[in-house]
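Letters go in sequence order (proteins before strands), and every chain restarts at 1. Because only heavy atoms are used, hydrogens play no part in the values below, and waters and symmetry mates are left out as well, while side chains stay in.
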Number of protein chains: 2
Amino acid sequence: MMSFFDEQAVTSSDKAFFRMRKEIVEGEIAAGSKLSEMELSTKYEVSRAVVREAINRLESCHLVERKANVGARVVTLTPEGLMELYQIREALEGMAARLAAQHMTDSEIRDLEGLLSSQFDEVKNQHSYYQEAGDLDFHYRIILGSKNASLISMLVNGLYHLVRMYRVQLGMAGPRVTTAFDEHKHIVRAISNRDPELAEILMRRHIQYSKNNIATKLASNQSHF
Amino acid sequence: MMSFFDEQAVTSSDKAFFRMRKEIVEGEIAAGSKLSEMELSTKYEVSRAVVREAINRLESCHLVERKANVGARVVTLTPEGLMELYQIREALEGMAARLAAQHMTDSEIRDLEGLLSSQFDEVKNQHSYYQEAGDLDFHYRIILGSKNASLISMLVNGLYHLVRMYRVQLGMAGPRVTTAFDEHKHIVRAISNRDPELAEILMRRHIQYSKNNIATKLASNQSHF
DNA sequence: AGACTGTAAATTGTCGACAATTTTCAATAT
DNA sequence: ATATTGAAAATTGTCGACAATTTACAGTCT
């Protein structure tokens, strides 16, 4: 369990891409820093061509920005940027929930309910790991349940790594466990009732709450300095 | 007028990318066909490396699909695929309209109103070119008005070329002029009233109508064969 | 001192060649 | 005839070298 898209690296560029993405998302390569093709190719012991290809793919994930004849830099993180991403998440995942209510199979919905009740036990027993992995699992299933291939690709391959980068590096790993769990429950109920309208509304509110939660944290973080 | 993002080609790869994108969108390179790197590099008189880079960028626009060690193919068009894109458009452009109602400046809104009334004259005088260019112009302005850089990039650089490819190749260039014009008018009114909620609802309905219009055309097209 | 200029260094862009993999297809066996 | 095998052909992946462009910096001028 817990592996949705086992994107396995077949080529060298794949490996370089995955590795660089990990290092960028987790801050090992600093936000805003320049990506020197030469430097990286010696560091990873591959040719410049594969580094270039990896950088191109990072650019299409919006993790780095490239200027012709000048080079690529890791995107710089701003609170506004994170808020913008949450606006997009609200729109896309709201639609995903709507579609999931229409297109998920009965057995997929039962699995989703099962996931939730197993998570309920964990939360009750104070296994606090819920927030990160559990929340992600829940959202992934609904995204996949939309059965909209383009939407799935946009969210899974693109947006989520960006969001994760922001959350890791701006220190937004906070809990918000208990209320989020109830929100998940209501979303699943709407889906199992085959109520697309409500599923979308609830998902959007769920993401708005997350966004507000993060916004206040960002504000308090800034006031500490 | 009528050039929003004059994405100018500075490098050879840019030129190859723009040219290939044009040929794919307009069907000169057939949907579903294989893209041979060698073949294209002789055709365009550039090295394989620049063709490769262009193909990579086409892949990140979802215009081609690539499999490692096998090659790249232009995406195949299906009615379902087009419907999926319209679901995403509904979500993203709905959000764009909401944000535009919050973030567009008064002068930008006045310009938008000006655009609409100039288009009204054209429609009245039977200049039927409205549908394609005029509709696009309207939507672009609202997208830019959202002031959300990630959202703008997703729609302008990514989704719109895909949608255009479908519309061109499936022969969906039809009119729907008069009703669409009224819908535009109501959306602008909501924006100028600074009513994000209504702006989003109206934009979503506008896109739903487009979608339904296309769906019926697709159905009638199929029944002809 | 500060602004401008031109040359040198460094970095990115492009190329052709070689390596690895897939595909083709003829030869063979059942 | 069909299926299987294996070598050859074709295609993609990777590499190092060269070209074009940008950046750094020393020298000059006001």
Side-chain angles (χ1 to χ4, degrees), chain A residues 5-24 28-76 157, chain B residues 5-24 28-76 157:
Chain A
F5 270 80
D6 9 59
E7 31 179 29
Q8 52 192 5
V10 15
T11 171
S12 293
S13 294
D14 291 342
K15 282 198 275 281
F17 169 63
F18 292 140
R19 181 169 170 188
M20 287 182 70
R21 187 176 65 186
K22 183 175 187 298
E23 295 185 357
I24 288 174
E28 197 170 332
I29 298 178
S33 64
K34 185 161 192 308
L35 295 175
S36 160
E37 295 180 359
M38 255 185 355
E39 192 181 317
L40 289 168
S41 72
T42 61
K43 178 179 169 189
Y44 295 154
E45 294 174 317
V46 290
S47 87
R48 254 186 64 216
V50 331
V51 171
R52 259 182 89 78
E53 193 160 323
I55 290 178
N56 281 334
R57 285 162 71 179
L58 291 168
E59 188 189 13
S60 59
C61 301
H62 299 271
L63 286 170
V64 317
E65 289 167 349
R66 153 171 282 178
K67 261 199 327 192
N69 286 313
V70 173
R73 308 190 80 88
V74 180
V75 295
T76 59
N157 297 322
Chain B
F5 271 79
D6 10 57
E7 31 179 26
Q8 52 191 5
V10 15
T11 170
S12 293
S13 295
D14 291 342
K15 281 197 276 281
F17 170 62
F18 292 140
R19 181 169 170 187
M20 287 181 70
R21 187 176 64 186
K22 183 175 188 298
E23 294 185 357
I24 289 174
E28 196 170 335
I29 297 177
S33 65
K34 185 161 192 308
L35 295 175
S36 160
E37 296 181 357
M38 255 188 351
E39 192 179 316
L40 290 168
S41 73
T42 60
K43 178 179 170 189
Y44 295 154
E45 294 175 316
V46 289
S47 88
R48 254 187 64 217
V50 332
V51 171
R52 261 183 87 78
E53 193 161 322
I55 290 178
N56 280 333
R57 285 161 72 178
L58 291 169
E59 187 189 13
S60 59
C61 301
H62 300 269
L63 286 169
V64 317
E65 288 167 348
R66 150 170 284 175
K67 260 199 328 192
N69 286 313
V70 174
R73 308 191 81 87
V74 180
V75 294
T76 59
N157 298 321

* Can you list the residues that meet the side-chain contact (heavy atoms from CB on, under 4.5 Å) rule with A/S47, with sequence neighbours excluded? ->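 So A/S47 forms a side-chain contact (heavy atoms from CB on, under 4.5 Å) with A/A49, A/V50.
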key: With sequence neighbours excluded, residues passing side-chain contact (heavy atoms from CB on, under 4.5 Å) with A/S33   =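 Once residues adjacent in sequence are excluded, the partners of A/S33 under the side-chain contact (heavy atoms from CB on, under 4.5 Å) criterion are A/I29, A/A30, A/V74.
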Which residue, A/R48 or A/S12, contacts DNA chain D at a nucleotide closer to its 5' end, judged by nearest heavy atom?
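Looking at DNA chain D, the more 5' nearest nucleotide goes with A/S12.
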query: To the nearest 0.5 Å, how far apart are NE2 in A/H62 and CG in B/N157?
result: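 One finds 7.5 Å between NE2 of A/H62 and CG of B/N157.
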- Query: If you round to the nearest 0.5 Å, how far is CD1 of A/I55 from OG of A/S13?
  - Reply: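 It comes to 11.0 Å.
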Listed by chain and number, what are the salt bridge (charged side-chain N to carboxylate O under 4.0 Å, His left out) partners of [X], not counting sequence neighbours?
X	answer
B/K34	none
A/E39	none
B/K22	B/E26

Margin query: Going 5' to 3' along DNA chain C, which are the first and last nucleotides with any atom under 4.0 Å from a heavy atom of chain A?
Written below: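 Nucleotide range in contact with chain A: C/dT11 to C/dT14.
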[X] and [Y]: which non-hydrogen atoms are nearest, and at how many Å?
X	Y	result
B/Y44	B/E23	OH-OE1, 3.0 Å
A/V75	A/A31	O-CB, 3.6 Å
A/R19	A/K43	NH2-CE, 4.5 Å
A/R73	A/G32	NE-O, 3.2 Å

* Asked: Hey, does B/M20 have a side-chain heavy atom less than 4.5 Å from the side chain of B/V64?
  ->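 Side chain of B/V64 against side chain of B/M20, heavy atoms only: no contact under 4.5 Å found.
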Please give me every residue in residues 54-65 of chain B whose heavy atoms get under 4.0 Å of an atom in DNA chain C, ordered by residue number.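 Result for residues 54-65 of chain B: none.
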Apply side chain to side chain donor-acceptor pair (under 3.5 Å) to B/K15 and list each qualifying residue two or more places apart in sequence or on a separate chain.
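Applying side chain to side chain donor-acceptor pair (under 3.5 Å) to B/K15 gives none.
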- Pairs touching residues 56-71 of chain B that satisfy salt bridge (Lys or Arg N to Asp or Glu O under 4.0 Å), sequence neighbours left out: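 Those involving residues 56-71 of chain B are B/D14-B/R57, B/E37-B/R66.
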Subject >> Derivation of the side chain to side chain contact (heavy atoms under 4.5 Å, CB included) call for B/N69 and A/T11 >> reply: CA-CA 8 Å; B/N69 286 313; A/T11 171; 5.9 Å; no
Every protein N/O lying under 3.5 Å from an N/O of nucleotides 6-8 of chain D:
none

Task: End-to-end axis angle, where each axis spans five pairs of the helix from C/dA1-D/dT30 to C/dT30-D/dA1, to 10° - done: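 Inter-axis angle at the ends, rounded: 10°.
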Sorted by number, the residues of residues 37-45 of chain A with heavy-atom contact under 4.0 Å to DNA chain D: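 Those residues: none at all.
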